[in-house]
Amino acid sequence: MAKNRATLGVDLHLEPAGPGGSGVRRGLTDALREAVRGGRLAPGTRLPSSRSLAVDLGVARNTVADAYADLVAEGWLTARQGSGTRVAERAVTAPAPARPAGRPGRQRPAYDLVPGTPDLGSFPRAEWLRAARRALAAAPDDALGYGDQRGRPELRTALAGYLARARGVRADPERLVVCSGFSDALTLLGAVLHRRGLRTLAVESYGLDVHWNLLRRPGLRTRPLPFDRLGTRTDDLGGAGAVLLTPAHQFPMGVPLSPDRRAAVVDWARRTGGLILEDDYDGEFRYDRQPVGALQGLGPDHVVYLGTASKSLAPALRLGWMVLPPSLAAEVISLKSEGGWSTGVLDQLTLAEFLASGAYDRHVRAVRLRYRRRRDALVAALAERAPAVRATGIAAGLHAVLQLPPGTEQPVVQAAAWQNLAVHGLARYRHPGASADRFDALVVGYGTPPDHAWSGALDALCRVLP
């Protein structure tokens with residue numbers, strides 16, 4: 001069997017150019033040289049035998065052997081008895097890795113306090129693997145087909161039960177759509193709303209520019225709502241036909257939408273036929289009081305509930321969901337089908353099993369305790385080492401807003417960069433059209449650092465605070 005595998009060799013994509021005879025040899029030599037020079041064939045890569053490559057390319061074996069010999073002579077390849085022909089070890093200049101959007105500096109920071117990512121080391125690998133095995137063993141054959149564009153029924157049913165129990169969402173599995181994260185869902189919704197003739201969508205004064213940009217792509221204009229110490233004001237929605245809110249824990253300010261304002265925005269939607277897009281991005285992480293229930297429970301016919309596994313599990317899963325009102329469900333599902341937007345079935349089945357087995361609840365409780373300890377350590381460190389800085393928005397979520405003395409935000413962000421500490425100023429999250437009063441602050445994510453780096457991250461932070 002081993003001999004057969006050796007005869008078959010390895011796959012190698014090449015497009016040699018040149019007419020017969022020496023032209024084929026020259027074309028093959030050039031193609032191999034360029035593959036090595038460009039880094040597509042890494043140092044140490046074992047190449048197919050001359051016989052295997054000749055069969056694959058439909059050329060004479062001697063042509064391949066001669067091309068290999070030319071490149072060995074030039075130093076691009078090495079050939080040793082018993083080791084075959086390999087790409088020579090050379091000093092290769094690798095392209096610089098792409099810098100993640102929104103991350104400051106030119107190098108990877110020693111400590112990362114940028115909000116938006118959980119502690120990836122807390123991902124429950126063993127439990128997830130067990131759930132994946134059980135889910136795959138139990139999956140019907142048709143689960144491996146193209147399937148329903150809404151997502152696997154196992155996951156939609158499990159999510160509907162969980163969201164009703166844990167977040168107060170009135171979720172019908174028939175109107176629950178699985179998608180590849182929040183951005184995927186927002187892109188779909190923006191396209192549907194634009195098709196309906198909507199041109200202006202209200203947003204909060206502080207939020208993520210990536211979300212505003214996604215809404216602008218289909219031609220929507222985003223108009224920021226006023227903001228005060230009680231959070232986003234919902235009494236002046238004007239001509240907006242829809243509004244995007246983070247009512248449980250406003251990002252990044254951390255203020256929950258007050259009961260009066262929650263009632264006001266639902267009343268606006270009922271009176272005008274408007275639509276509320278509810279981003280429940282970290283609703284499960286509440287520390288000092290009972291969780292704030294989802295706004296969708298007050299007006300399921302006028303609210304799109306949006307959630308993801310990005311904060312509770314990991315962004316790499318690319319799993320999100322929408323609970324749609326009856327008036328919108330058919331259009332969203334139709335557009336999703338038109339675009340062929342799908343989400344990996346195996347991860348859907350695994351998450352369904354993870355929810356049904358209780359493993360998800362256990363994991364959320366465990367990481368909630370871990371994040372609460374980090375938050376408490378942050379507050380204690382500020383009290384001891386930077387008493388002039390006050391942390392707000394800390395009752396929930398994975399970040400805190402550190403209020404700074406006037407005029408100090410940019411100097412602190414710059415000092416943090418010099419210390420190789422990644423942290424964002426509040427100005428980064430302000431909508432360009434916002435009229436709310438400006439003030440200086442940092443938005444500190446305490447979910448990202450692994451446990452072993454948390455004390456070091458706190459030290460680095462306190463060193464740059466005024």
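The first residue of the sequence shown is numbered 1, and numbering continues consecutively from there.
Within a 6.0 Å sphere centred on CZ of Arg229, heavy atoms belonging to other residues, nucleotides or ligands number 12 at most. Residue-environment remark: CZ (Arg438) stays at or below the threshold of 12 foreign heavy atoms within 6.0 Å. Around the CZ atom of Arg133, the shell of radius 6.0 Å holds no more than 12 heavy atoms that belong to other residues, nucleotides or ligands. Environment of CZ in Arg125: sparse, with no more than 12 heavy atoms of neighbouring residues, nucleotides or ligands closer than 6.0 Å. The local environment of CZ in Arg217 is sparse, with at most 12 non-hydrogen atoms from other residues, nucleotides or ligands closer than 6.0 Å.
No donor-acceptor distance shorter than 3.5 angstrom exists from the side chain of Arg156 to the backbone of Ala160, with no hydrogens or angles considered. When atom types are taken as modelled, the side chain of Arg370 and the backbone of Arg365 share no donor-acceptor pair closer than 3.5 angstrom. Under the 3.5 Å distance criterion, the side-chain polar atoms of Arg375 are matched with a main-chain donor or acceptor of Ile394. In this structure, the side chain of Gln348 engages the main chain of Thr343 through a donor-acceptor pair within 3.5 Å. Checked by atom type and distance alone, the side chain of Arg37 never pairs as donor or acceptor with a backbone atom of Leu32 at under 3.5 Å. A donor-acceptor contact shorter than 3.5 Å is absent between the side chain of Gln250 and the backbone of Leu257. A donor-acceptor contact shorter than 3.5 Å links the side chain of Arg86 to the backbone of Gly44. Using a distance-only test at 3.5 Å, with no hydrogens or angles considered, a donor-acceptor pair links the side chain of Ser357 to the main chain of Phe354.
Nearest heavy-atom pair, Arg40 versus His13, reported as atom, atom and distance to 0.1 Å: NH2-O, 2.9 Å. Across every non-hydrogen atom of Leu442 and Val423, the tightest pair is CD1-CG2, 4.3 Å. Scanning both residues, Arg286 and Ala248, for their nearest heavy atoms gives NH1-O, 3.3 Å. Gly293 and Arg262 get closest at one heavy-atom pair: O-NH2, 3.0 Å. The minimum heavy-atom distance linking Val345 with Ala143 is given by the pair CG1-O, 3.1 Å. Nearest heavy-atom pair, Trp454 versus Pro449, reported as atom, atom and distance to 0.1 Å: CE3-CG, 4.0 Å.
Put simply, the side chain of Pro140 reaches to within 4.5 Å of the side chain of Glu154, judged on heavy atoms. In this structure the side chain of Val323 never reaches within 4.5 angstrom of the side chain of Val304, judged on heavy atoms. Between His194 and Leu215 there is no side-chain heavy-atom pair separated by less than 4.5 Å. Side chains of Asp30 and Arg33 form a contact here, defined as non-hydrogen atoms less than 4.5 Å apart. Considering only heavy atoms from C-beta on, Phe182 comes within 4.5 Å of His211 through its side chain.
Look at Arg165 and Asp361 and you find a salt bridge, because one of the NZ, NE, NH1 or NH2 atoms lies within 4.0 Å of a carboxylate O, short of that distance. For the pair Arg261 and Asp228, the salt-bridge criterion is met [side-chain N within less than 4.0 Å of a carboxylate O]. For the pair Arg195 and Glu338, the salt-bridge criterion is met [side-chain N within less than 4.0 Å of a carboxylate O]. A salt bridge does not link Arg130 to Glu353: none of the charged side-chain nitrogens sits closer than 4.0 Å to a carboxylate oxygen. With salt bridges taken as basic N to acidic carboxylate O contacts below 4.0 Å, one links Asp119 and Arg374. Under 4.0 Å is where a charged nitrogen must lie from a carboxylate oxygen, and between Lys311 and Glu284 no such pair does.
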Legend entry - Stepwise salt bridge (charged side-chain N to carboxylate O under 4.0 Å, His left out) test for Asp148 and Arg152: CA-CA 7 Å; Asp148 193 325; Arg152 285 299 302 173; over 6 Å; no

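Taken from CG in Leu41 to OG1 in Thr45, the straight-line distance is 6.0 Å, to the nearest 0.5 Å. Note that OH of Tyr305 and CD1 of Ile276 are 14.5 Å apart. Values are rounded to the nearest 0.5 Å. With rounding to the nearest 0.5 Å, the separation of CG in Asp301 from CG in Leu324 is 12.0 Å. Interatomic distance, Arg134 CZ to Leu349 CG, rounded to the nearest 0.5 Å: 13.0 Å.
Aromatic rings from Phe285 and His249 are positioned such that their centres are separated by 6.0 Å or more. In this structure, the ring of Tyr281 has its center less than 6.0 angstrom from the ring center of Phe251. Aromatic pair Tyr429/His424: ring centres closer than 6.0 Å.
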